[in-house]
Amino acid sequence: MTAPFPGEAALASRLDSAADKIEALYGMATGAYGQGNYLEALTCCEEIRQLAKGGLEPLSIAICDRLSAISLHALGKHDDAERLAARVMHFESDDLQRRFQSEVPFGVSMRIQLARIGWLRGDFENAWAIANQAIFRDATVHAFARCQPLGMAAIPIAIWKGDLKTAACLNQELLDQALRSNLPFWRAFATAYGSIIDGQPVLPGTEHAILLEQTPLLMDIVGAVQPVLPSALLLERVRDGKVGWSAPEVLRVAALAAVDPADDASLARCVASLHRALAISTEQGALFWSLRVLVSLCEILPVGDPAQALVKDRLSALLEQVDDGSQMPDLARARELAHGVARR
């Protein structure tokens, strides 16, 4: 294993107790995930799984399945993540040693993953309901348990819904909690979301963008909620397979930002990039990203082009799977392009 924290890896190897080794690896796994090193987090989890035997076997679920679920989702492995999340959801953590518990209840952290996965799969209404179920407004719970559902699920989903009023209200909750509890990490989330909601996206090279590059977990999300050219670092993370869940959207936005529709070669490169994004979203079962890519292909291809007609047919078929009758902007635009149904 190439450890994200070599000192901790060396310490873990020297410890005699399996429980102590697991604790050290647990810290490495959570640290790796927080730094956007999702593959490293999975590697740590597998080492923990080998140690979690006998009386320590519950840690295979409490640590390995839980952290693997969130890491697999981040890598775009949604089916595997969902299976593990369902197993962790109802796990009773009360009997675990304190060092193996979490400030965020397991059911909450897994609902966050299930909400995001559900949204990407096109189960919009249910995903929104799950995201709201995860939100804590009880002042007695840990601040992390209040911030995480907002920052990782409810606010980005509200932005994708096109419900910026709700997104702004939720983001104010996140900002208030981050300031009250002195949590710079979550304050960075609220600041980034606030800019996007106000129509001021975080642009590459700006002070905010530089701060994002120091928080890859947030950078990965911001790249999926704002329609501007992704940073070079985020594109590199996507192309290197370091992040997968947002890859189709990042590639879509990057392709559109670079295209010159009047230049045939530029248009051809854009279309090829969009088809690559579509292939990834299809492989992941991420119908929401597929919807957006197909809309972009319809818009970028010349009217009357046989390729556009094929894309429209595919868009129409996809709408039959995901159209819930709402006026969500992405659905409304897709209907307009596929069926000539104007937006209200």
Side-chain angles (χ1 to χ4, degrees), residues 29 32-33 36-43 45-46 61 64-91 104 106-134 148-149 151-161 216-225 234 237-253 276-294 317-318 321-322 324 328 330-331:
Y33 176 81
N37 295 325
Y38 310 125
L39 287 168
E40 297 284 4
L42 284 175
T43 301
C45 286
E46 288 310 307
I61 297 176
C64 301
D65 288 353
R66 180 164 55 91
L67 293 181
S68 292
I70 63 177
S71 298
L72 287 166
H73 164 57
L75 292 167
K77 308 292 185 181
H78 305 310
D79 289 345
D80 293 337
E82 182 183 48
R83 176 177 55 82
L84 292 177
R87 186 155 63 187
V88 176
M89 270 282 292
H90 305 294
F91 180 82
V104 181
F106 292 0
V108 172
S109 60
M110 293 303 98
R111 281 188 178 89
I112 291 169
Q113 309 312 309
L114 294 174
R116 287 165 52 125
I117 291 169
W119 185 271
L120 294 180
R121 285 179 172 166
D123 189 5
F124 304 127
E125 185 176 351
N126 190 46
W128 180 237
I130 293 173
N132 278 278
Q133 289 168 9
Q148 196 173 100
M152 297 296 289
I155 296 169
I157 289 177
I159 294 173
W160 291 327
K161 276 169 58 72
L217 186 66
L218 174 57
M219 179 174 59
D220 294 343
I221 298 177
V222 167
V225 296
L234 179 54
R237 283 176 58 76
V238 166
R239 289 167 178 160
D240 290 348
K242 293 180 179 178
V243 59
W245 76 272
S246 58
E249 177 68 352
V250 170
L251 294 174
R252 180 188 76 89
V253 173
R276 181 187 172 205
L278 184 59
I280 295 172
S281 66
T282 301
E283 181 182 1
Q284 293 181 1
L287 301 186
F288 179 56
W289 295 147
S290 293
L291 183 78
R292 285 191 164 183
V293 175
L294 288 170
L318 180 56
Q321 293 179 260
V322 303
D324 59 8
M328 188 175 80
D330 288 288
L331 288 174

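The distance from atom CG of Asn126 to atom CG of Asp324, rounded to the nearest 0.5 Å, is 11.5 Å. Rounded to the nearest 0.5 Å, atoms CE (Met152) and CG (Leu218) are 9.0 Å apart. Here the straight-line distance linking atom CZ of Arg252 with atom OG of Ser290 works out to 11.5 Å at 0.5 Å rounding. Annotation: the span from Ser246 atom OG to Asp220 atom CG amounts to 5.0 Å, rounded to 0.5 Å. Going from atom CD1 of Ile159 over to atom CD1 of Ile221 covers 10.0 Å, rounded to the nearest 0.5 Å. For the atom pair Ser68 OG and Ile61 CD1, the distance stands at 12.0 Å (nearest 0.5 Å).
The shortest distance between side-chain heavy atoms of Leu291 and Leu331 falls below 4.5 Å. Side-chain contact between Asp79 and Arg121 is present, with at least one heavy-atom pair separated by less than 4.5 Å. Looking at heavy atoms from C-beta onward, Leu278 lies out of side-chain contact with Pro248 at the 4.5 angstrom threshold. Side-chain atoms of Arg116 and Trp245, non-hydrogen and from C-beta on, do get closer than 4.5 Å to each other. Taking 4.5 Å as the limit, every side-chain heavy atom of Val108 sits out of range of all side-chain heavy atoms of Gln148. Here the side chains of His78 and Gln113 are not in contact, with every heavy-atom distance at 4.5 Å or above. Two residues are said to be in side-chain contact when any heavy atoms from C-beta on lie closer than 4.5 Å; Leu120 and Gln284 fail this criterion. Phe124 places a side-chain heavy atom less than 4.5 Å from the side chain of Phe288.
Within a 6.0 Å sphere centred on CD of Gln133, other residues, nucleotides and ligands contribute more than 12 heavy atoms.
Here the shortest heavy-atom pairing between Leu39 and Gly241 reads CD1-O, 4.3 Å. Shown here for Ala85 and Leu114, the closest heavy-atom pair between the two residues is CB-CD2, 4.0 Å. The heavy-atom pair separating Cys45 from Cys64 by the smallest distance is O-SG, 3.2 Å. Taking every heavy atom of both residues into account, Met110 and Ile70 meet most closely at CE-CG2, 3.9 Å. Considering all non-hydrogen atoms of both residues, Val243 and Ala74 come closest at CG2-O, 3.7 Å. Minimum interatomic distance between Lys242 and Leu75 (heavy atoms only, all atoms of both residues): O-CD2, 3.7 Å.
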* Could you check Glu249 against Trp160 for side chain to side chain contact (heavy atoms under 4.5 Å, CB included), going step by step and ending with a plain yes or no? => CA-CA 12 Å; Glu249 177 68 352; Trp160 291 327; over 6 Å; no

* Go through the steps to decide whether Tyr33 and Leu67 satisfy the test side chain to side chain contact (heavy atoms under 4.5 Å, CB included), and finish with yes or no. => CA-CA 8 Å; Tyr33 176 81; Leu67 293 181; 5.7 Å; no

* **Audit row: Trp119, Trp289, ring-ring contact (aromatic ring centres under 6.0 Å, His included) steps and yes/no** => CA-CA 10 Å; Trp119 185 271; Trp289 295 147; 9.6 Å; no

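Judged by distance alone, the side chain of Trp128 and the main-chain N or O of Ala115 form no donor-acceptor pair under 3.5 Å. The main-chain N or O of Met89 is never found under 3.5 Å from a side-chain atom of Arg66 such that the two would form a donor-acceptor pair.
Salt bridge status for Glu82 with Arg87: absent, with no side-chain N to carboxylate O gap under 4.0 Å. A salt bridge does not link Arg83 to Asp65: none of the charged side-chain nitrogens sits closer than 4.0 Å to a carboxylate oxygen.
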